[in-house]
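Remarks on the structure that follows.
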Amino acid sequence: MALKAELHCHIEGAAAPELVIQQARKYNQSTEPFIKDGSFVWHDFTSFLAAYDFAADLFRTEEDYARLSEHYLTSLARDGAIYSEVFTSPDHAMKAGLSPKAYTDALGEGMARAKAKTGIEGRMIVTGVRHVGVESIEKAARFAATCGHPLVTGFGVAGDERIGTMEDYVRAFEIAREAGLGITIHAGEFGGAESVRDALDHIRPSRIGHGVRAIEDPDLVRRIAEEGIVLEVCPVSNIELKVFPSFAEHPFPALRKAGCKVTLNSDDPPYFWTTLKREYEVAAEHFGLSQKDLHAVTRTAIEAAFVDRKTRTALLARLDAAAPKA
Ligand SMILES: Nc1ncnc2[nH]cnc12
Ligand SMILES: [Zn+2]
């Protein structure tokens, strides 16, 4: 099995329906109409976000969050992942009545448990959410910059790309950059190529969440390749959310051919009926990647990971020891 690494997964969006049902029982809540027959129910980006927020609201205590990250990272490791970065959301924690620090410590505890069981290395990217507002995004950046948690190594912005402009988030990213955090921002998912260009001009990230609609502008694709910007591509998410109509029309192969650094990620796996393993299978089946190509994708992810040099060297050594022969 190819070794894998993931850079783009929202921890609240990684909660499997079985786990969410257990949480609902614990808090005496109904899962209607958001879960039916053991599967999340939504039909567009807005209703996806509603189901996501409903499930997130059922994680309320430190132990709930520790279970969530332990559960997810353990399942990733079972599928061959050696590295996982998850997006965390202090806004969701506060809504559930937990401080950002207690929430982050709890997720870190779950990651430590998963590492003890499986060896998987994990890091957290604190994120602000566009549809919650600019002020909360700056607050998230200040928290990320000052929390001092050893597994918090990045800052990002996610949420509804139809809300706000890149200029709105410059200050938040300055705070994060000054604190030495890695920088990634969602762009070019529901926004077009101009959203990716604005992100590069105003935010100067090393990585872009999605970025796939850069394909609409050949000059921008060249720029991404030349500047070595890493794209956190989430193919199944893009198809399920109808960013592209089919895998045949997904730009992953074209971006890769143009020299862009591409990685494979699951975004919010159970909402899209996917796993990181399935993303790698999709890349093999629909985009024609060989085992050697998939290995190179994992290498790109580890090279772009928000980790210190020692950790990166150790991860690359582990990866290279398992390089496919052909
Ligand atoms: N696919 C996605 N795009 C933007 N924000 C998100 N938050 C969780 N999943 C997301
Ligand atoms: Zn995302």
Side-chain angles (χ1 to χ4, degrees), residues 6-16 20 34 40 42-57 59 68-69 72 76 84-93 95 107 123-134 136-137 140 154-166 168-169 172 182-192 195-196 198-199 203 205 207-214 230-244 250 252 262-276 278-279 301 304 306:
E6 181 166 67
L7 303 180
H8 188 125
C9 178
H10 302 261
I11 193 65
E12 281 82 6
V20 175
F34 299 106
F40 288 112
W42 55 272
H43 58 272
D44 58 12
F45 189 60
T46 304
S47 61
F48 154 70
L49 289 177
Y52 180 100
D53 286 341
F54 163 80
D57 287 346
F59 291 84
L68 173 56
S69 58
Y72 183 59
L76 266 187
S84 154
E85 269 172 34
V86 296
F87 293 123
T88 69
S89 170
D91 284 310
H92 281 93
K95 210 166 143 224
L107 289 172
R123 294 291 184 273
M124 289 179 262
I125 302 172
V126 175
T127 48
V129 180
R130 288 175 81 135
H131 51 277
V132 178
V134 178
S136 82
I137 290 176
F155 178 71
V157 163
D160 195 332
E161 219 183 311
R162 300 165 295 193
I163 293 166
T165 69
M166 292 298 170
D168 295 337
Y169 313 123
I183 301 290
T184 175
I185 184 162
H186 282 56
E189 181 191 24
F190 290 100
S195 144
V196 178
D198 283 351
I203 310 296
R207 301 181 350 208
I208 297 266
H210 299 286
V212 279
R213 287 188 55 191
V230 174
L231 302 179
E232 303 160 3
V233 185
C234 310
V236 178
S237 163
N238 294 157
I239 300 308
E240 294 294 341
L241 285 169
K242 301 191 167 51
V243 176
F244 302 102
H250 194 284
F252 185 97
V262 285
T263 62
L264 289 164
N265 306 275
S266 68
D267 207 7
D268 307 283
Y271 289 85
F272 308 132
W273 304 278
T274 191
T275 58
L276 185 61
R278 175 152 185 248
E279 302 292 338
F306 297 151

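One-based numbering along the sequence shown. Below, all heavy atoms of this structure are taken into account, side chains as well, without hydrogens, waters or symmetry copies. Ligands are counted one by one from 1 in listed order, and the atoms in each one are counted from 1 as well.
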**OP:** Verify whether one side chain among Glu12 and Ser89 offers a donor that lies under 3.5 Å from an acceptor in the other.
**Re:** no
Using a 3.5 Å cut-off on N/O to N/O, what pairs does ligand 1 make with the protein? A line per pair would be great.
from: ligand 1; atom 1: 1 (N); to: Glu189; atom 2: OE2; distance (Å): 2.9
from: ligand 1; atom 1: 1 (N); to: Asp267; atom 2: OD2; distance (Å): 2.8
from: ligand 1; atom 1: 3 (N); to: Glu189; atom 2: OE1; distance (Å): 2.7
from: ligand 1; atom 1: 3 (N); to: Glu189; atom 2: OE2; distance (Å): 3.4
from: ligand 1; atom 1: 5 (N); to: Gly159; atom 2: N; distance (Å): 2.9
from: ligand 1; atom 1: 9 (N); to: Asp268; atom 2: OD1; distance (Å): 3.4
from: ligand 1; atom 1: 9 (N); to: Asp268; atom 2: OD2; distance (Å): 2.7

Subject >> Within the 6.0 Å centroid threshold, strictly below: Tyr271 and His10 >> reply: no
Subject >> Closer than 2.8 Å to the Zn ion (ligand 2) - protein N, O or S atoms, ordered by chain and residue number >> reply: His8 NE2, His10 NE2, His186 NE2, Asp267 OD1
Original post:
With a 4.5 Å limit on heavy-atom distance, are the side chains of Asp268 and Phe40 in contact?
Top reply: no
**OP:** Taking all heavy atoms of Val134 and all of Asp168, pick out the closest pair and write down the distance.
**Re:** CG1-O, 3.4 Å
Subject >> Parallel, tilted or perpendicular: ring planes of Phe190 versus Phe45, cut at 30 and 60 degrees >> reply: tilted
**OP:** For residues His8 and Asp267, determine if any side-chain heavy atom of one lies less than 4.5 Å from a side-chain heavy atom of the other.
**Re:** yes
Subject >> His92: ring pair (Phe, Tyr, Trp, His ring centres under 6.0 Å) partners, not counting sequence neighbours >> reply: Tyr52
Original post:
Is the closest side-chain donor-acceptor distance between Asp198 and Ser195 under 3.5 Å?
Top reply: no
Original post:
Which residues pass the side chain to side chain contact (heavy atoms under 4.5 Å, CB included) test with Arg207, sequence neighbours left out?
Top reply: Leu7, Glu85, Ile125, Thr184, Val230, Glu232, Ala304, Phe306
